Number of protein chains: 2
Amino acid sequence: MTRRSFLGEFEQMVMLAILQQGDRAFALEVRREIERSADRSVSRGAFYTTLERLERKGMVTWAEEVPRDEARSGPLRRFAVTDSGRRALRDSWNAVRTLARGLDDVLEEAQ
Amino acid sequence: MTRRSFLGEFEQMVMLAILQQGDRAFALEVRREIERSADRSVSRGAFYTTLERLERKGMVTWAEEVPRDEARSGPLRRFAVTDSGRRALRDSWNAVRTLARGLDDVLEEAQ
DNA sequence: CTCCGGCGTCTACGTTGTAGACGAACGTGT
DNA sequence: ACACGTTCGTCTACAACGTAGACGCCGGAG
């Protein structure tokens, strides 16, 4: 039945980064946010593919930014996480957090 | 080069559950721990497949339990997370935690 | 105009997540 | 002892997710 639309880890990161940006996030900024926080590079392909999948699942939406009077190249979209996305995110987050409870020390002792 | 052996979410759960069991965990108990904490069912296939992949990546090891004098069916293994596994787990965890910082309220407000 | 660089799209493939079929080992009732 | 249900690890096959890089459009610099 697969009622559980579980999120992959990268999907979670993308959504969290959008939320960090205040829910009206430009793609580029979201991507930078992830690279900064997770301390790794994110290829364009990985990023946009994930964004598109999230959109198809109804976890993320976007609105075209009204272009300023000067000509703008390409679409300028602002992304937001839907309620459904928030719910999924919260569930995943809670599940992992529950399992991680009390293990901080154990994890930190790794080199 | 794929130097980044990023963990999938379910893989993380499995490792966390092993750690919760004190690092000498029986498969069955690990599985139950996950089902309890994440509040969802875990099929045998999903579970053992993941365990085997983690082992192949050197994140998890196991030792045969010395069978009591009575005959035992099948292998009785105790699983443990390796240092490498702990490190990977810690990194993933930190990355997500960083991105989630300050978003608790935002997440909770979802129905 | 031609080259360059940024950025979104597309394509293809490796990795992870998942269910279910299968089969060995045990306990039970008869 | 035999047939049967149960339990649990293994195997198989496929869906979903993660990822890199090629491509092409557009605007700016020379």
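It should be emphasised that the depicted structure is a prediction, and the values quoted were computed from it without experimental measurement. Lettering follows sequence order; numbering is per chain, from 1.
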Item to check | Leu51(B) CG to dT15(C) P, straight-line distance once rounded to whole Å | outcome: 19 Å
Item to check | Sugar-phosphate, base or nothing in reach of Glu52(B), heavy atoms under 4.0 Å | outcome: nothing
Item to check | Pair Glu35(A) + Arg32(A), salt bridge at N-O below 4.0 Å | outcome: no
Next on the checklist: If I take atom CG in residue Leu28(A) and atom P in nucleotide dT9(C), what distance separates them, rounded to the nearest angstrom?
Outcome noted: 13 Å
Item to check | Nearest listed nucleotide, side chain of Ser43(B), among dC17(D), dT18(C), dT10(D) | outcome: dT18(C)
Checklist entry - Think Lys57(B) has a side-chain N or O under 4.0 angstrom from the OP1 or OP2 of dT16(C)? => result yes
Checklist entry - Hey, does the side-chain of Arg44(A) have a donor or acceptor N/O within less than 3.5 Å of a partner on the base of dG6(C)? => result no
Next on the checklist: Using OP1 and OP2 only, check whether a side-chain N or O of Arg77(B) sits under 4.0 Å from dT10(D).
Outcome noted: yes
Item to check | Closest to the Phe10(A) side chain, choosing from dC7(C), dC8(D), dT19(D) | outcome: dT19(D)
Checklist entry - Rounded to whole angstroms, how far apart are CG on Leu7(A) and C1' on dG17(C)? => result 13 Å
Checklist entry - For the residue pair Arg86(A) and Asp23(A), what are the closest heavy atoms and their distance? => result NH2-OD2, 2.6 Å
Checklist outcome for this item: Per nearest nucleotide of DNA chain D, the residue lying toward the 5' end, Thr50(A) or Gly45(B), is Gly45(B)
Checklist entry - Where each residue is assigned the nucleotide of DNA chain D containing its nearest heavy atom, which of Glu9(A) and Arg32(B) is assigned the position nearer the 5′ end? => result Arg32(B)
Checklist entry - Distance-only, no hydrogens or angles: does the Gln20(B) side chain make a donor-acceptor pair with backbone N or O of Arg101(A) under 3.5 Å? => result yes
Checklist entry - Just how far, in rounded Å, is P of dT10(D) from CZ of Arg31(B)? => result 13 Å
Checklist entry - For dA19(C), does OP1 or OP2 lie under 4.0 Å from any side-chain N or O of Arg40(B)? => result no
Checklist entry - So do Met59(B) and Leu7(B) actually touch side chain to side chain, heavy atoms under 4.5 Å? => result yes
Next on the checklist: Using a 3.5 Å distance criterion without hydrogens, assess whether the side chain of Ser37(A) forms a donor-acceptor pair with backbone atoms of Thr98(B).
Outcome noted: no
Item to check | Closest to side chain of Arg53(B), choosing from dT19(D), dA19(C), dT16(C) | outcome: dT16(C)
